[in-house]
Each structure stands twice: as structure tokens, then as C-alpha cells.
2 protein chains.
Amino acid sequence: MEKTELLSGTLDLLILRVLKSGPVHGFGIGEKIHVLSKEILEVEEGSLYPSLYRMEAKGWIKSDWGQSEKGRRAKIYSLTKNGIRQLDDERESWLRVAFAIGEVLKNA
Amino acid sequence: MEKTELLSGTLDLLILRVLKSGPVHGFGIGEKIHVLSKEILEVEEGSLYPSLYRMEAKGWIKSDWGQSEKGRRAKIYSLTKNGIRQLDDERESWLRVAFAIGEVLKNA
DNA sequence: CTTAATTACCTAGATTATCTAGGTAAAATA
DNA sequence: TATTTTACCTAGATAATCTAGGTAATTAAG
């Protein structure tokens with residue numbers, strides 16, 4: 001069983017992407033990233049929550065207290081209009097850089 | 001003209017990849033990454049040299065004083081056997097994570 | 001001939017993202 | 001009743017990268 005990993009600088013993008021499919025609570029965002037990534041990516045809570053606060057402070061996401069699908073008290077996050085724009089920017093930036101790295105790695 | 005960028009955590013991989021094609025001096029490594037990446041990636045010298053020292057200390061690369069193609073005094077770096085193994089590991093890890101991020105981004 | 005630009009290396013300190021390793025509390029399960 | 005799971009929170013450590021300087025030699029420009 002290989003170690004799950006996370007690439008520094010991509011966490012915000014992943015969170016924003018998950019929220020684009022609809023509001024999710026913090027804990028659930030981490031789970032969704034894990035599942036969607038085929039168990040390759042693992043987001044530590046110590047990274048997840050601080051990232052959520054940063055992005056809320058920047059106005060990319062907003063939160064409301066509510067309930068998780070399991071009926072527990074949970075803080076539900078959703079994308080703002082600025083968050084949608086930020087997601088588009090970060091996705092494009094990711095694609096550019098991933099392409100560029102691919103170019104350097106070519107024939108490695 | 002868009003800002004050049006670098007993805008945190010991939011610098012070692014890029015340097016190792018450049019050195020796989022043959023010995024290059026530090027300054028030249030930065031230039032090669034820039035060119036190979038189609039001008040998308042830019043490595044700051046303040047990131048480049050510390051990364052070279054770290055990797056030399058770990059035994060992934062070695063250095064000898066010599067000359068650049070322009071005939072200037074330069075420190076020439078080359079891959080060690082451990083460096084080749086490290087390159088393979090990091091490339092595989094990059095491919096895994098890039099794939100995983102692609103999965104999360106799907107249909108974004 | 002003098003000045004500016006380029007090549008090439010170096011580094012201290014700041015910034016910032018992520019992780020470690022704890023913690024609380026409520027609900028569900030054993 | 002005890003343990004596990006869900007869910008949130010956070011202080012401090014770690015580590016990579018960047019900022020912003022610096023030196024020195026060679027080449028190009030004025």
C-alpha cells in the first residue's frame with residue numbers, strides 16, 4: 001500500500017473544485033478529495049481547516065452551520081462568485097504548469 | 001505576457017531531469033528548465049542554489065569546478081547513481097499525483 | 001576607455017503552505 | 001459502559017521557495 005500524498009500549492013484548487021459540485025462541510029471535503037483522487041490524495045485536517053479559513057477570508061468561499069449527510073453538526077462551505085473565478089484561474093494555472101513540467105520530463 | 005511560475009515540490013525533479021541529459025552548471029540548469037518548459041517555468045537563483053546543495057548533500061548529484069559553454073568559470077553538476085534512482089522515484093510520484101489531481105478536476 | 005550588461009555563484013532572512021500532534025464534543029457502535 | 005467515528009479546531013514545527021541583496025569576471029556598448 002503506497003503512501004498517500006499531496007502536492008504543495010494545489011490544495012486550494014482541489015477544495016474549490018469539490019465545492020463547485022455543491023456545498024460540502026469541511027470534513028466531507030477531505031473525504032471527497034480522497035475518493036475522487038482514487039485514494040491517491042490525502043488531505044490532513046491540519047492543512048484542510050487552515051486552508052478553508054484563508055479562502056473564506058479572501059471571499060472565495062463562505063460557510064454556514066448546518067448538518068452533514070450523516071446528520072451531524074457541521075460547517076457547510078460553498079463557493080462564492082469570486083471563488084468560481086479563482087477556481088478557473090487556478091485550474092488554468094495548474095494546466096499550464098503541469099504541461100510545462102511534462103515538457104521538461106519528456107523522454108526522461 | 002503571463003507570469004512564469006513554479007510548482008512547489010517539483011524543483012528537485014526538474015533539476016534531476018535536466019542533469020539526466022548530461023552535466024550542466026547551476027546557472028545553466030535554470031536556463032534549461034526555462035527553455036524546455038516553453039518559457040513557462042522560471043527558477044529563481046535563490047531557490048536553485050539551495051536546492052543543488054541539498055541534493056548534493058543527499059548524494060543525488062555531485063559537482064566539479066569547470067567551465068560553462070560560454071567559457072566562464074562554473075560549477076558543473078552531474079547525476080549520481082542514487083540521483084538516477086531518486087529521479088525515477090520522483091517522476092513516478094509526480095505522475096501519480098498529477099493523475100490524481102486530474103481526476104479531481106475532471107468535469108470542473 | 002569607461003560604463004553597463006551579462007554570466008555565474010552565493011546567502012541571510014522572510015514568507016508561506018503543509019504537517020504533526022495534540023485537543024474538544026457529540027453521536028453511534030460494541 | 002467504553003470505544004470508535006464524525007467533525008471541528010489550533011499552536012508550533014518543518015521545509016521549500018522567494019526576496020533582495022551581495023561578489024567577481026567577462027563582454028558589449030557608448
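Throughout, protein chains are lettered first and strands after them, A, B, ... in sequence-line order, and every chain is numbered starting at 1.
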*Could you walk me through whether B:Asp64 and B:Lys62 pass salt bridge (charged side-chain N to carboxylate O under 4.0 Å, His left out), step by step?*
CA-CA 7 Å; B:Asp64 295 285; B:Lys62 64 185 182 61; 3.7 Å; yes
*Yes or no on salt bridge (charged side-chain N to carboxylate O under 4.0 Å, His left out) for B:Asp88 and B:Arg85, after CA distance, side-chain angles and deciding distance?*
CA-CA 5 Å; B:Asp88 289 340; B:Arg85 193 171 333 120; over 6 Å; no
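The CD-C1' distance, from A:Gln67 to C:dA27, rounds to 12 Å in whole Å. Between the CD atom of A:Glu45 and the P atom of C:dG23 there is a distance of 15 Å, given to the nearest Å. Note: CD1 (A:Ile15) to C1' (C:dT18) measures 12 Å, nearest angstrom. Note: CZ (B:Phe27) to C1' (D:dT26) measures 13 Å, nearest angstrom. One interatomic measurement links the two molecules: CG of B:Leu48 to P of D:dA20, which rounds to 19 Å at whole-angstrom precision. The CD-P distance, from B:Glu31 to C:dT6, rounds to 12 Å in whole Å. Rounding to whole angstrom units, CG of residue A:Leu11 and P of C:dC19 are separated by 8 Å. For B:Tyr53 and D:dA16, the OH to P distance is 16 Å, given to the nearest whole Å.
Each of B:Glu69 and A:Arg54 has a nearest nucleotide on DNA chain C; the 5'-most of these lies closest to B:Glu69. Taking for each of A:Gly71 and A:Pro50 the nucleotide of DNA chain D with the nearest heavy atom, the 5'-most of the two is the partner of A:Gly71. Of the residues near DNA chain D, A:Gly46 and A:Lys70, the one whose nearest nucleotide (by heavy atom distance) lies more toward the 5' end is A:Lys70.
Considering CG of A:Leu14 and CG of B:Leu105, their distance stands at 6.5 Å, rounded to 0.5 Å.
Heavy atoms of B:Thr10 sit under 4.0 angstrom from primed sugar atoms or phosphate atoms, though from no base atom. Among the atoms of the strands shown, base atoms are found under 4.0 Å from some heavy atom of A:Ser47.
A donor-acceptor pair under 3.5 Å is formed between the side chain of B:His34 and the backbone N or O of B:Leu41. Listed for the B:Ser63 side chain is no donor-acceptor partner under 3.5 Å among the backbone atoms of B:Tyr77.
Ranking D:dT5, C:dC10, D:dC8 by closeness to the B:Trp65 side chain, first place goes to C:dC10. Here D:dC9 is the nucleotide among D:dC9, D:dA25, C:dC9 with the atom lying nearest to any side-chain atom of A:Tyr77. Which of C:dC9, D:dT6, C:dT18 sits closest to the side chain of A:Arg72 comes down to D:dT6.
At C:dC10, none of the side-chain N or O atoms of B:Tyr49 fall inside 4.0 Å of OP1 or OP2 (strictly under the cut-off).
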